[in-house]
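Take a look at the structure set out below.
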Amino acid sequence: MYRVVTIDGPAGAGKSTVARLLAERLGWRFLDTGAMYRVVTLAALREETDLEDADALERLATGLDAAFPPGQALLAGEDVSKAIRDVAVTRASRFIANCAAVRERLVAWQRAFAEAADVVTEGRDQGTIVFPDAPHKFFVTATEEERARRRLAELLAKGDETTFEVVLADQQARDARDASRAIAPMRPADDAETIDTTGMTIEEVVDLLLRKVLPPS
Ligand code: C5P
């Protein structure tokens with residue numbers, strides 16, 4: 001049995017960065033499940049798939065040529081790591097996240113990763129649905145203002161023109177949808193530990209999680 005650490009939480013909580021660094025420190029694989037939903041979304045936008053047509057989305061996900069080597073997302077061999085972070089993809093991702101058939105495929109994919117290696121995995125449903133037996137589950141969050149500030153800094157750094165108000169409004173809409181959807185809603189697993197990272201640096205969060213996963217003997 002390989003080991004699994006799950007990190008779930010709302011948008012902009014720093015889950016991906018924390019999960020990636022924690023995986024590096026542990027020497028485990030990092031699984032960015034948001035990137036999987038984003039790659040399907042990007043493919044759907046490029047192919048102009050009807051985002052409300054569940055059968056069409058299922059066909060698209062079934063035939064998808066995607067791969068996730070460490071730190072990258074590939075779509076038909078093309079590195080789409082940047083493209084999947086576009087605001088248009090972020091906004092449209094809810095259609096993909098709401099599609100049961102697509103979720104089923106992505107969940108199977110996620111479990112397959114954990115059959116081949118120890119993983120630190122991040123998303124919305126990792127502790128609740130995908131890995132209910134994981135021994136270490138965290139729900140990483142921060143105040144919505146802090147999360148929006150972090151996201152704004154990221155977007156400005158990559159040259160997007162946006163404002164705090166727009167980022168905050170998008171984030172609130174996405175969190176509300178993620179938390180209220182019928183399938184796999186975002187919520188802490190009953191046995192997850194909530195980590196409020198407000199005011200903490202990424203390194204502090206990673207150190208804290210590392211101590212919890214591998215307590216110093
Ligand atoms: O985490 P990230 O912002 O990359 O996720 C993009 C979207 O994918 C989320 O807003 C959510 O709707 C969906 N998602 C999900 N389940 C996951 C990971 C992401 O529904 N495990």
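Everything numeric in this text was worked out from a predicted model, so none of it was measured. Remember, it's 1-based here, ligands and their atoms both numbered in the order they're listed.
Side-chain contact annotation: T198 with D196, donor-acceptor N/O pair under 3.5 Å present.
Sparse packing is recorded around NZ of K82, with 12 or fewer heavy atoms of other residues, nucleotides or ligands lying under 6.0 Å away. In the displayed structure, Q72 atom CD is contacted under 6.0 Å by more than 12 heavy atoms of other residues, nucleotides or ligands.
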Worksheet item: When you look at W28 and Y2, which way does the ring-ring contact (aromatic ring centres under 6.0 Å, His included) test go after all the steps?
Response: CA-CA 10 Å; W28 297 9; Y2 288 98; 9.7 Å; no
Discussion item. Could you go through D160 and T162, starting from their C-alpha distance and side-chain angles, then the distance that decides it, and tell me whether this counts as side chain to side chain donor-acceptor pair (under 3.5 Å)?
Written reply: CA-CA 6 Å; D160 281 13; T162 186; over 6 Å; no
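For the pair D178 and ligand 1, the shortest N or O to N or O distance falls below 3.5 Å. Residue contacts with ligand 1: D125 is placed with a nitrogen or oxygen under 3.5 Å of a nitrogen or oxygen of the ligand (distance criterion only). Residue R174 places at least one N or O, backbone or side chain, under 3.5 Å from an N or O of ligand 1.
For atom 7 (C) of ligand 1, the closest non-hydrogen atom of the protein is S93 OG, 3.5 Å. Nearest protein neighbour of atom 14 (N) of ligand 1, counting heavy atoms only, is Y37 CD1, 3.7 Å. Looking at atom 18 (C) of ligand 1, its nearest protein heavy atom turns out to be T33 OG1, 3.4 Å.
Counting atoms of ligand 1 from 1 in the listed order, those under 4.0 Å from a heavy atom of A97 are 12 (O), 13 (C), 20 (O).
E146 has a carboxylate O that lies under 4.0 Å from a charged side-chain N of R150, or vice versa, which qualifies the two as a salt bridge. Ionic pairing of R91 and D170 is present here: one or more N-O contacts between side-chain nitrogen and carboxylate oxygen are shorter than 4.0 angstrom. Residues E193 and K137 are not paired through a salt bridge, judged by the lack of any N-O separation under 4.0 Å between the basic side chain and the carboxylate. A salt bridge links R25 with E203: the closest approach of a Lys/Arg side-chain nitrogen to an acidic carboxylate oxygen falls below 4.0 angstrom.
In this structure, Q126 has a heavy atom closer than 4.0 Å to ligand 1. Residue contacts with ligand 1 leave out Q171, since none of its heavy atoms falls under 4.0 Å from the ligand. Using a 4.0 Å cutoff on heavy atoms, R181 counts as a contact of ligand 1. Not a single heavy atom of R94 lies less than 4.0 angstrom from ligand 1.
For atom 20 (O) of ligand 1, the nearest non-hydrogen atom from the set R124, M186, R38, R103 belongs to R103.
At a heavy-atom cutoff of 4.0 Å, ligand 1 is contacted by the side chain of R85 but not by its backbone.
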